[in-house]
*Asks:* 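Below you'll find the structure I mean.
The sequence lines fix the lettering, A, B, ..., with proteins before strands; numbering per chain opens at 1.
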Number of protein chains: 2
Amino acid sequence: MDASTVSRVLKNAADVRVRQETRARILEAAERLNYRANPLARALKTARSRTLLIVVPQIENPVFSAAILGAEEEARARGYVLLVAYGREGSAAGVLERVSQSSLVEGVVIASFDEDETLRQSIAAIGQPHVVINRRLTGGGSCVALDTRAASAIGVAHLAALGHRRIGHLAGRLGRFNGDARRRGWEDAMRAAGLAPDPDLVAEAGYDPARVPAAVDALLARGVTAIHAATLLTGAAAIARLHGHGLDVPGDVSVVTMHDDLLARVVYPAITTVELPSAEMGARAVRLLLRRLEPGADDGPAEASETLMLPPGKLVLRESTSPPR
Amino acid sequence: MDASTVSRVLKNAADVRVRQETRARILEAAERLNYRANPLARALKTARSRTLLIVVPQIENPVFSAAILGAEEEARARGYVLLVAYGREGSAAGVLERVSQSSLVEGVVIASFDEDETLRQSIAAIGQPHVVINRRLTGGGSCVALDTRAASAIGVAHLAALGHRRIGHLAGRLGRFNGDARRRGWEDAMRAAGLAPDPDLVAEAGYDPARVPAAVDALLARGVTAIHAATLLTGAAAIARLHGHGLDVPGDVSVVTMHDDLLARVVYPAITTVELPSAEMGARAVRLLLRRLEPGADDGPAEASETLMLPPGKLVLRESTSPPR
DNA sequence: TCTGTTTGCACAAACGTTTGCTCAGCGGCG
DNA sequence: CGCCGCTGAGCAAACGTTTGTGCAAACAGA
């Protein structure tokens, strides 16, 4: 029983040319010995490791863990293994360098808080197929992002529909893709409701709960009756701050945010949010990557290296919003 | 320049036997060509992949993401790559089978919600060095667990010291290692404070926030003035329920729990918790594993395959606890 | 019966390392 | 002067696959 024949039989190659009896004998023996082809040897010979890497700046962030989940499922379904690596402080450079040298990876899904230019350089340095997620990378390759601008607009429109007129935006990191997109979404909805998107109604807290109290106080000083928070975490922190002032949510101030995570359900009041397909973002990124690695026609035409914007899901109505008094 | 010599020089082998000049020439060329030994070929030849696997039931759970972080750092520091895989529904069997056949892994760190017997069988089936974390596996190999019993006791003792006498325990999953440990910790502290650990003061909510309201109501019906929650998530949900009843926390009811996560800081009031070294749990598991894979004397004597219990950190005083009225 | 075609399988090289061995050159020692 | 032993480096086999090719045996057509 020669190795080559075994190899052909076990992978059911197109150039079969093997007798039924031989095939059966091989299959039986493989079964009996619990034989598994050594993936290392195969990868060495074929120069294909069927391994993908996802790099995230934080693993504990629900957006990224959801993206990892989605990516892992998609990769597995396609017969790939997904490695997870994380770059502390948001920088991707070190991780990319390290992993791409210690393990053989065919493509990388990258999430990073780096500046555009920095990130572009890190990516160029490893010279591997890649897809960036959770942002647009101008001039870069393909990206998969969440349409947080639309998500913001949905939340703000909800507040406006309830009758709120002074709706504050508790902004994320302004100057960055997602921070700006969310503020623009707020502006869009304000305008659509015939309200002026007064810059005074915007207070930046970034993604840091510790910066929330001051930002909320600033908004309160502007007389807002509702707050649209850029992230679930800062939204929750905003509610805590409001409680701290003895204010009732939603009685005195309504709060809406996005990302339908468990956190939205364990605080009081449960937070009204807009669903965002984080897991799908991971899955789509893997699909894009695989389309480049395996140019089969099974996926339809390969799109140009552009940004794929995933539309938000629906508004999940909970108890943090109500008409103004 | 022969490959064998290059190999010896680059890994700085003990059997150096190479002229300084040759060594320099090789090093220079490697640098110039940005040469990296192919990890696949090396792994194939040496039968050592320097890859570890960690299997967790959920990646979004802060305990596990912290453990992954700790494990990854430790693995990397030792020159290993850490693969992350997760088994939905808590079962480890499928993941172990799948990954151990698709990639070459030298050892596995396992977290799972499986029953002891089921888990033992899954592990036996893959026949690889392993360390179980976040629980004790009776009769199994080595484990690294958090001493949640002691952590519970610290939290409950804090409540007792404040003057609470009717302290309810919002239990995790009773009958399982961590659920039972936490309830025992509550009992320990109750007894130590001269209070009767009345079973009526225990209400089980598992790890599911949806079950919390009913459990909290049951505790309230028993006249508790303080609640010790088995998990941060159910603790937060308990606070939400208390608010829902129009009760003040900590004015009417104090709440304490464990795991010092971000969540504890974004709810109102910020939750008093007991620190638990989740990240260290991951790191220690990797160390244990490596000790078996590389029996060097650098780590002290290899311990018997017993459970390593990591003691809790300190009580983090926030605003969810106060003396009873 | 002979030639030509197909069928079924084995041979062997290659992937990029690691590692035991060989061996030429050379200096020292008897 | 001859032998020994050391140094420094190359040779070659091996790890477990994949894949192009070679080559018998079986078969068909003439």
*Asks:* Any side-chain N or O of B/Lys11 under 4.0 Å from OP1/OP2 of C/dT19?
*Replies:* yes

*Asks:* Take atom CZ in A/Arg173; do more than 12 heavy atoms of anything else shown fall under 6.0 Å from it?
*Replies:* no

*Asks:* For the atom pair CD (B/Glu60) and CG (A/Leu262), what is the distance rounded to the nearest 0.5 Å?
*Replies:* 8.5 Å

*Asks:* Measure from the side-chain N and O atoms of A/Gln128 to the backbone N and O of A/Gly107, and report whether any donor-acceptor pair falls under 3.5 Å.
*Replies:* no

*Asks:* Could you give the CZ-to-P distance, from B/Arg48 to C/dT17, as a whole number of Å?
*Replies:* 18 Å

*Asks:* Is the side chain of B/Asn178 donor-acceptor paired with the backbone N or O of B/Asn134 at a distance under 3.5 Å, no angle test?
*Replies:* yes

*Asks:* Looking at C/dT17, I'd like to know if its phosphate oxygens (OP1 or OP2) sit under 4.0 Å from a side-chain N or O belonging to B/Ser7.
*Replies:* no

*Asks:* Got a list of protein N/O to nucleotides 13-16 of chain D N/O distances below 3.5 Å?
*Replies:*
from: D/dA14; atom 1: N3; to: B/Lys45; atom 2: NZ; distance (Å): 3.1

*Asks:* Please confirm whether the backbone N or O of B/Met309 pairs with a side-chain atom of B/Arg284, one donor and one acceptor, at under 3.5 Å?
*Replies:* no

*Asks:* Less than 4.0 Å between a side-chain N and a carboxylate O, is that true for A/Arg50 and A/Glu294?
*Replies:* yes

*Asks:* Could you write nucleotides 7-12 of chain D as a row of B, S and -, 5' to 3', where a protein heavy atom under 4.0 Å of any base atom gives B, of only sugar-phosphate atoms gives S, and otherwise -?
*Replies:* BBBBBB

*Asks:* Mind calculating the distance between CD1 (A/Ile26) and C1' (C/dA10) to the nearest angstrom?
*Replies:* 12 Å

*Asks:* Is a side-chain N or O of A/Glu275 found less than 3.5 angstrom from the main chain of A/Asp260, in a donor-acceptor match?
*Replies:* no

*Asks:* Specify whether A/Phe64 and A/Phe113 have parallel, tilted or perpendicular ring planes, treating 30° as the upper limit for parallel and 60° as the lower limit for perpendicular.
*Replies:* tilted

